Number of protein chains: 2
Amino acid sequence: MTVLNPLIYQPLNEKTAIKQALDLKLFPEDADLTCKEIGDGNLNLVFHIVDQKHNQGIIIKQALPYAKVVGESWPLTLHRAKIEADALKTFGQIAPDYVPKVYYTDDQLAITVMEDLSHLSIARKGFIQGETFPLISLHLGEYLAKTLFYTSDYGLGSGAKKEQVQKFMNPELCKITEDLIFTDPYFDAETNEFEEDMRPAVEELWKDEELKFHVNVLKKIFLTDAEVLLHGDLHTGSMFADNQQTKIIDPEFAFYGPAGFDIGQVFANLLFQVIVNEKHRDVFIQHVETVWNVFQVQFSQLWEKENKEPLANTTSFLHYHLAKYFEDALGYTGCELIRRTIGLAHVADLDSIQDEQTRLAAKQKTLELGKNLIKKRKEIRDLSEFIRTVKEIV
Amino acid sequence: MTVLNPLIYQPLNEKTAIKQALDLKLFPEDADLTCKEIGDGNLNLVFHIVDQKHNQGIIIKQALPYAKVVGESWPLTLHRAKIEADALKTFGQIAPDYVPKVYYTDDQLAITVMEDLSHLSIARKGFIQGETFPLISLHLGEYLAKTLFYTSDYGLGSGAKKEQVQKFMNPELCKITEDLIFTDPYFDAETNEFEEDMRPAVEELWKDEELKFHVNVLKKIFLTDAEVLLHGDLHTGSMFADNQQTKIIDPEFAFYGPAGFDIGQVFANLLFQVIVNEKHRDVFIQHVETVWNVFQVQFSQLWEKENKEPLANTTSFLHYHLAKYFEDALGYTGCELIRRTIGLAHVADLDSIQDEQTRLAAKQKTLELGKNLIKKRKEIRDLSEFIRTVKEIV
């Protein structure tokens with residue numbers, strides 16, 4: 001853990017952020033800098049600093065020592081800023097097209113200075129406004145194939161991988177996931193949030209022992225399967241996109257866990273659009289298909305060409321991995337669908353639907369799909385069965 | 001990793017070991033100390049220091065910076081001495097009846113000073129000489145239940161467990177296991193050792209793609225499933241015993257891995273006696289049964305009474321764990337049976353059989369049983385089916 005010196009750490013403001021940028025000499029001497037705090041996350045300050053003269057910008061992200069969502073009462077280690085910076089560097093080396101460039105990091109100030117992506121939109125916001133970002137699923141499939149292969153025992157070698165496991169041990173942020181995704185939605189926890197009309201469906205879910213068994217198993221896999229370096233929070237709010245580019249940001253939840261977790265988060269967050277976006281439903285179904293198809297093809301190529309594990313480079317063992325990842329991914333898809341509907345952190349895809357009946361119907365479908373994917377993930381053996389299940393419920 | 005100062009680290013000899021003991025004031029002032037190096041392992045010096053006047057002793061174990069089995073050409077980090085000392089302390093707190101007391105450790109000298117157990121015999125040697133140690137399986141079942149429960153997410157809580165995973169990261173000794181148990185026996189590796197008459201059976205094994213697939217899966221679980229703090233080398237040469245007591249020594253391979261690995265090593269090393277020891281065959285079959293039965297009962301009690309994981313304390317989820325541990329254990333049993341027959345480090349149970357035909361027949365059976373357990377571990381659903389499989393082949 002980074003030992004923090006309270007004499008050094010201070011939250012930046014728009015003025016001190018500019019001073020920091022000047023000290024780092026990231027702009028020409030005649031730059032005309034403006035700064036705006038644009039953070040809409042729960043855990044960080046985000047300063048957008050622009051040189052108005054040359055029209056160039058940077059981002060300075062600084063971790064806060066508490067979660068904004070629950071005020072200052074939920075303290076969080078600033079060590080996560082180091083995890084995030086290290087993860088950006090690691091993923092950036094592996095998949096540079098899909099990760100913002102990092103210019104500077106300071107563990108004591110808990111800051112990362114990085115590429116300005118303000119020409120892109122947050123994918124979730126874009127989707128809600130009617131965008132489809134036609135290349136995003138191809139990019140996500142490739143990003144997942146590369147990051148999940150090259151950080152595994154097979155891409156990295158078992159010794160180097162163990163060093164990475166140690167470096168990315170992230171107990172505090174994992175605990176947030178353990179609670180908010182795998183625990184609280186399954187009993188009457190204070191953190192849960194749902195509309196009163198949802199209560200009968202939610203109480204039914206709390207009584208569903210079969211569902212809770214499967215969630216326990218998925219949580220166990222999350223707790224113990226140190227397969228790959230995960231982004232750990234790979235929803236569409238952690239993606240910048242336009243029609244050409246996709247950039248994955250905010251890997252502060254990064255840790256070594258089951259590959260299916262990142263894939264499942266991607267599936268689920270695309271499925272919100274399948275559920276709510278009648279106009280582009282087929283496009284988002286295709287996005288889900290493309291993510292898996294591209295992932296599968298590229299992961300298989302990497303497996304065959306770059307495998308560092310002796311005797312492991314066989315087709316049957318590759319298929320074992322793809323089948324495990326797919327099964328886990330379906331389970332984690334279900335967990336994400338459920339927690340975003342009745343847990344602490346909702347998604348605008350659902351909550352921004354104005355018409356109450358439409359909104360409630362969408363949430364019911366989301367819960368139903370989530371439960372089905374969790375319980376039936378072993379029976380749903382391929383992509384077409386997955387899509388059939390989605391279509392049946394939506 | 002411990003940073004070693006070459007000015008401080010020096011291998012002890014019988015004289016300097018006595019000096020070390022005197023400096024630590026572990027004996028009365030009028031003690032009459034003698035010292036003997038009694039190490040028969042491959043990686044360490046072991047000094048037995050006895051006060052002849054008061055008939056009391058201690059053991060000083062010191063890690064060597066190389067593996068003796070292959071001369072000085074195989075360098076090994078001395079950090080493993082810290083891992084071993086930490087593991088002895090952790091297991092000693094959890095299961096004090098079955099672990100030697102630690103009096104002193106020095107990471108720089110890579111030494112652990114501990115309880116003298118010279119009134120007991122190495123279990124493997126005792127078995128070969130006709131002992132059966134009637135309580136050993138009860139003790140092993142209890143030791144496994146306690147160590148595998150209390151070091152898990154369920155016994156420790158997920159945050160504290162992650163700290164332990166980090167503390168016990170042990171890449172170098174894990175690599176030895178990865179190579180010698182899961183890799184080298186499955187191709188024509190230089191490290192393998194087998195009698196020429198075994199060659200047809202060994203070559204058949206090298207061509208067995210189904211077997212190699214399953215070994216890949218078991219190795220993958222070993223590489224990624226950070227379930228519990230394992231001893232990591234729990235064969236009958238790591239156990240001291242008599243008819244009343246059992247003590248588990250030498251946890252230098254300790255790391256967070258799949259619970260079934262320790263259980264499987266215990267099963268396999270008892271099975272060597274089932275295979276070779278006609279006189280006591282039924283006793284050793286009972287030992288295998290007792291290990292699992294005691295483990296299952298005591299682990300279940302701990303699960304129900306001490307579970308720290310919310311919502312996890314259900315019978316179905318406990319059974320999920322027991323079934324996974326059992327399946328994994330059968331696989332690792334098979335891997336241990338095979339590698340001890342044709343890999344680098346053999347066991348005296350087999351190699352000390354004088355009659356060539358008897359010895360070769362025993363080795364053939366060991367290979368056959370190993371292959372069966374690995375391939376059929378999912379079909380063998382309970383202890384009685386396991387024992388039936390053993391009896392059919394033996």
Side-chain angles (χ1 to χ4, degrees), chain A residues 1 152-154 157-172 174-175 177-179 182-187 189 206 209-210 212-217 219-228 255-259 309-321 324, chain B residues 1 152-154 157-172 174-175 177-179 182-187 189 206 209-210 212-217 219-228 255-259 309-321 324:
Chain A
M1 293 280 159
S152 74
D153 283 288
Y154 307 94
S158 71
K161 181 251 188 168
K162 286 185 186 76
E163 280 174 30
Q164 294 293 92
V165 172
Q166 202 160 25
K167 178 172 168 181
F168 287 101
M169 202 61 71
N170 197 357
E172 208 174 32
C174 282
K175 182 72 166 70
T177 304
E178 291 158 23
D179 290 345
F182 297 112
T183 313
D184 294 359
Y186 301 94
F187 75 106
W206 290 342
E209 296 300 328
E210 186 195 349
K212 289 194 284 182
F213 166 77
H214 285 289
V215 173
N216 261 323
V217 172
K219 183 176 183 181
K220 186 266 177 200
I221 294 170
F222 183 86
L223 289 168
T224 60
D225 275 22
E227 289 177 342
V228 297
F255 79 108
Y256 263 79
E309 184 57 34
L311 309 188
N313 193 352
T314 68
T315 308
S316 59
F317 193 46
L318 166 62
H319 287 171
Y320 166 87
H321 278 264
K324 178 179 189 298
Chain B
M1 293 284 157
S152 74
D153 283 288
Y154 307 94
S158 71
K161 181 252 188 167
K162 286 184 186 76
E163 280 174 31
Q164 294 295 93
V165 172
Q166 204 160 24
K167 179 173 168 182
F168 286 102
M169 202 61 73
N170 197 357
E172 207 174 34
C174 282
K175 183 71 166 71
T177 303
E178 290 159 23
D179 289 346
F182 297 112
T183 313
D184 293 359
Y186 300 94
F187 76 105
W206 290 342
E209 296 302 326
E210 186 195 350
K212 289 194 284 182
F213 166 78
H214 286 288
V215 173
N216 261 323
V217 172
K219 184 176 183 182
K220 187 266 178 201
I221 294 171
F222 182 86
L223 290 168
T224 60
D225 275 21
E227 290 178 341
V228 297
F255 80 109
Y256 263 78
E309 183 58 34
L311 309 187
N313 193 353
T314 68
T315 307
S316 60
F317 193 45
L318 166 62
H319 287 170
Y320 167 87
H321 278 265
K324 179 180 188 299

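Note that the structure is predicted; figures quoted are calculated from it, not measured. Reminder, nothing fancy here: chain letters follow the sequence lines and each chain counts from 1.
- Between L223(A) atom CG and D225(B) atom CG the span is 11.5 Å, to the nearest 0.5 Å.
- For a residue to count as touching a neighbouring chain, one of its non-hydrogen atoms must lie under 4.5 Å from one of that chain's; by this rule E227(A) touches chain B with backbone and side chain alike.
- For Y154(A), the part sitting under 4.5 Å from any heavy atom of chain B is the side chain, from C-beta outward, and nothing else.
- Taking both residues in full, the closest heavy atoms of F213(B) and Y320(A) are given as CE1-CB, 3.8 Å, listed atom of the first, atom of the second, then distance.
- If you tally non-hydrogen atom pairs under 4.5 Å between each of P258(B), S152(B), A160(B), A226(B) and chain A, the highest count goes to A226(B).
- If you tally non-hydrogen atom pairs under 4.5 Å between each of E309(B), K175(B), E209(B) and chain A, the highest count goes to E309(B).
- The two residues N216(A) and L311(B) have their closest heavy-atom pair at ND2-O, 2.9 Å.
- Of the atoms belonging to D153(A), it is side-chain heavy atoms, and not backbone ones, that fall under 4.5 Å from chain B.
- Within the 4.5 angstrom heavy-atom criterion, no atom of H214(A) approaches chain B.
- At a threshold of 4.5 Å between non-hydrogen side-chain atoms, the residues M169(A) and V165(B) count as touching.
- Both the backbone and the side chain of K220(A) come within contact range of chain B, judged by heavy atoms closer than 4.5 Å.
- Options V215(A), T183(A), V217(A) differ in how many heavy-atom pairs under 4.5 Å they form with chain B, and the most are formed by V217(A).
- Side chain of K219(A) to backbone of A312(B): no donor-acceptor contact under 3.5 angstrom is found.
- We find the CZ-OG distance between F182(B) and S158(A) to be 11.5 Å, quoted to the nearest 0.5 Å.
- In this structure the side chain of C174(A) reaches within 4.5 angstrom of the side chain of K162(B), judged on heavy atoms.
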